[in-house]
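Atom set for the values below is all heavy atoms of this structure, side chains included, hydrogens, waters and symmetry mates excluded. This chain uses plain numbering: 1 for the first residue, then up along the sequence.
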Amino acid sequence: MSPSRRPTTYELTDDRFLADFRSMSAHGATAAGGVHREAGTAADTANRHWFHGLLEGYGATVAYDDIGNQFGLWELVPGQPYVLLGSHLDSQPYGGRFDGAYGVLCGAHACARLAAGVRSGELDAPRHNVAVVNWFNEEGSRFKPSMMGSSVFTGKSTAADMLAVTDADGVTVREALDGAELPEPTAVPLSQFSSYAEIHIEQGKDMDEKGYTIGVVEKTWGARKYQLTVHGFQSHTGSTLLEDRQDALYGAASIITSIREIGEKYTTPQNPLVTSCGQLTVLPNSPVVVARGAELLVDLRCGQESTLQAADDEFRAALHDIENRANVRIELQGSHAWEEQSYTPEGVTLAQSIAERLGLPAVRTRTRAGHDSTNVKDVLPTVMLFVPSYQGISHNELEFTEDSDMVAGLSMFTETLKALATTRPGTNDAEGAIA
């Protein structure tokens with residue numbers, strides 16, 4: 001379709017959405033059915049260019065801000081703010097094709113459906129414009145921290161600081177974005193938007209096991225994330241006696257073991273605590289050298305703040321014991337934490353009522369994972385939705401969501417957008433919608 005001809009509501013079918021999803025999934029596709037599409041890589045860039053064309057073909061104006069967030073804007077009522085939908089198109093290394101990407105495409109189709117309905121006269125003109133966003137570097141696998149684009153958009157980080165971040169090869173975010181050859185960035189200010197909604201696969205198995213189609217997210221779990229460096233002393237693995245070693249890898253292994261044991265100690269069926277080490281780098285990483293250094297990322301997550309704090313206190317105390325036992329020095333290079341937080345209550349009520357009206361089995365739930373909505377909810381009224389993911393598998397090429405659940409989520413998201421876009425500013429007159 002040429003950008004000059006806008007699609008009609010009859011063309012924006014569920015089958016077309018699924019076809020677009022298959023096309024999108026070809027960018028960075030892996031042999032096992034996933035995608036390898038880290039932020040700012042060639043695969044991510046190709047996908048961004050593809051999505052740019054799709055947005056224009058569906059009648060949107062496309063804009064980019066300084067940190068590389070990609071916006072599709074449908075101006076239906078000039079001068080009014082936008083309801084923003086979104087998620088992210090980047091992936092973990094050899095990750096799943098649904099995580100993030102489903103929500104971005106779902107947002108684009110929801111906006112295009114509403115715009116087509118308004119322009120054809122099938123729908124009344126809304127009170128708000130509509131937009132979709134592809135947040136830059138949500139995953140944080142190539143560039144740290146995660147949720148980078150939404151953190152800049154919401155003012156929690158500065159674009160200058162994030163553009164200076166480097167990957168493991170010393171490439172900066174700025175260099176990666178320059179290499180993508182995207183249009184020049186423009187100002188896309190927070191003040192231009194009235195509310196936000198995001199839909200995502202659950203990344204947990206509860207909905208899949210219990211037969212729910214829609215998850216209405218009430219709260220986030222709390223989290224503590226640490227970037228640690230263990231300093232040891234490089235020596236020969238054959239000639240250095242155990243009592244003389246300052247083995248950074250032994251120190252790191254002790255940290256990994258400790259955080260797992262803390263997770264097992266504090267978790268209960270009713271209140272799970274999850275603890276992880278997701279990344280470990282060993283220096284110099286030679287088979288005959290006692291490691292002089294080790295860098296690792298660990299995190300603790302829980303839905304109950306008191307449990308999370310107790311586990312966090314115990315972990316910090318364990319670091320001192322490990323330093324003494326392994327004869328190493330542990331340096332905290334960085335940390336990031338958030339407490340259990342609630343989503344906009346009116347948004348939860350709105351989503352629940354829409355699911356009931358559509359006849360979709362829905363459950364109120366919490367998100368264990370971080371999402372861009374966890375940033376945006378602090379500055380805009382926000383609705384967060386889930387669709388099921390098979391066995392809760394995520395950040396894995398085997399990640400999977402049924403077509404039927406995908407299109408049910410699209411219907412849910414489209415109706416949510418309609419409610420948010422037709423709400424009179426400052427009121428609650430669209431079935432409990434948020435303004």
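Formation of a donor-acceptor pair under 3.5 Å by the Asp169 side chain with backbone atoms of Val171 is not found in this model. Glu340 places no side-chain N or O within donor-acceptor distance of the main-chain N or O of Gln304, the cut-off being under 3.5 Å. Side-chain N or O atoms of Asn134 include none that pairs as donor or acceptor with a backbone N or O of Gln70 at under 3.5 Å. Listed for the Arg48 side chain is a donor-acceptor partner under 3.5 Å among the backbone atoms of Gly68. A donor-acceptor contact shorter than 3.5 Å is absent between the side chain of Asn47 and the backbone of Ala43. When atom types are taken as modelled, the side chain of Trp74 and the backbone of Tyr58 share a donor-acceptor pair closer than 3.5 angstrom. In terms of modelled atom types and a separation under 3.5 Å, the side chain of Asp372 and the main chain of Met147 share no donor-acceptor contact. The closest donor-acceptor contact from the side chain of Asp208 to the backbone of Pro388 lies at 3.5 Å or more, if one exists at all. Judged by distance alone, the side chain of Ser91 and the main-chain N or O of Arg37 form a donor-acceptor pair under 3.5 Å. Between the side chain of Thr213 and the backbone N or O of Leu360, no donor-acceptor pair lies under 3.5 Å.
Taking CG of Leu420 as the reference point, atom CG of Leu350 lies at 6.0 Å (rounded to 0.5 Å). Here CD1 of Ile201 is found 14.0 Å from CG of Leu385. Values are rounded to the nearest 0.5 Å. Rounded to the nearest 0.5 Å, atoms CD1 (Ile67) and OG (Ser150) are 10.5 Å apart. One distance of note links OG of Ser389 with CZ of Phe400; it measures 11.0 Å at 0.5 Å rounding. Atoms CZ and OG1, on Arg97 and Thr30 in that order, are 9.0 Å from each other to the nearest 0.5 Å. Atom CD of Glu11 sits about 6.0 Å away from atom CZ of Arg16, to the nearest 0.5 Å.
Below 30°, between 30° and 60°, or above 60°: for Phe71 and Phe153 the angle between ring planes is between 30° and 60°, a tilted geometry.
Side-chain contact check for Leu417 versus Val83: some heavy-atom pair is nearer than 4.5 Å. No side-chain heavy atom of Phe136 sits under 4.5 Å from any side-chain heavy atom of Met162. Counting heavy atoms from C-beta outward, Arg368 and Gln203 have side chains that stay 4.5 Å or more apart. No side-chain heavy atom of Phe98 sits less than 4.5 Å from a side-chain heavy atom of His200. Here the side chains of Val130 and Leu85 are not in contact, with every heavy-atom distance at 4.5 Å or above. Leu297 has its side chain out of reach of Lys225: every pair of non-hydrogen atoms, C-beta onward, lies at least 4.5 Å apart. Inter-residue side-chain proximity for Gln341 and Asp378 is flagged as met; some heavy-atom pair is nearer than 4.5 Å. Val173 is not listed as a side-chain neighbour of Asn137, based on a closest heavy-atom distance of 4.5 Å or more.
Residues Asp15 and Arg22 are not paired through a salt bridge, judged by the lack of any N-O separation under 4.0 Å between the basic side chain and the carboxylate. Using a cutoff of 4.0 Å between basic side-chain nitrogens and carboxylate oxygens, Arg224 and Glu305 are scored as salt-bridged. Salt-bridge annotation for Arg142 and Asp90: absent, with no side-chain N of the basic residue lying under 4.0 Å from a carboxylate O of the acidic one.
Within 6.0 Å of CZ in Arg260 there are 12 or fewer heavy atoms belonging to other residues, nucleotides or ligands. When the shell of 6.0 Å around CZ of Arg174 is examined, it contains 12 or fewer heavy atoms from other residues, nucleotides or ligands. In this structure, Glu264 places its CD atom where more than 12 heavy-atom neighbours from other residues, nucleotides or ligands lie under 6.0 Å away. Surrounding NZ of Lys144 are more than 12 heavy atoms belonging to other residues, nucleotides or ligands, all under 6.0 Å away.
Scored by the side chain to side chain donor-acceptor pair (under 3.5 Å) test, His27 finds no partners at all (sequence neighbours excluded).
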Step-by-step side-chain contact (heavy atoms from CB on, under 4.5 Å) determination, Tyr64 to His52: CA-CA 10 Å; Tyr64 300 81; His52 184 121; 2.7 Å; yes
Side chain to side chain donor-acceptor pair (under 3.5 Å) between Glu202 and Tyr212, worked out: CA-CA 11 Å; Glu202 183 190 16; Tyr212 290 107; over 6 Å; no
Derivation and outcome, side-chain contact (heavy atoms from CB on, under 4.5 Å), residues Leu89 and Met24: CA-CA 9 Å; Leu89 293 181; Met24 179 177 63; 3.7 Å; yes
Worked verdict on Val376 versus Glu198 for side-chain contact (heavy atoms from CB on, under 4.5 Å): CA-CA 10 Å; Val376 182; Glu198 182 170 338; over 6 Å; no
side-chain contact (heavy atoms from CB on, under 4.5 Å) assessment of Met384 paired with His371: CA-CA 9 Å; Met384 182 72 195; His371 301 288; 3.7 Å; yes
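With hydrogens and angles left out, the side-chain atoms of Thr307 and Asn271 include a donor and acceptor closer than 3.5 Å. The closest side-chain donor-acceptor pair between Glu331 and His231 falls under 3.5 angstrom. Side-chain contact annotation: His395 with Glu399, donor-acceptor N/O pair under 3.5 Å absent. With no hydrogens or angles considered, no side-chain donor-acceptor pair links Thr367 and Tyr343 at under 3.5 Å.
Considering every non-hydrogen atom in both Thr220 and Glu339, the closest pair reads OG1-O, 3.7 Å. Listed here is the closest heavy atom pair of Leu54 and Ala108: CD2-CB, 4.3 Å.
Listed by first then second residue, pairs satisfying ring pair (Phe, Tyr, Trp, His ring centres under 6.0 Å) with a partner in residues 296-317 read Tyr226-Phe315, not counting sequence neighbours. Residue pairs meeting the side-chain hydrogen bond (donor to acceptor under 3.5 Å, both in side chains) criterion with at least one member in residues 402-417, sequence neighbours excluded: Glu415-Lys418.
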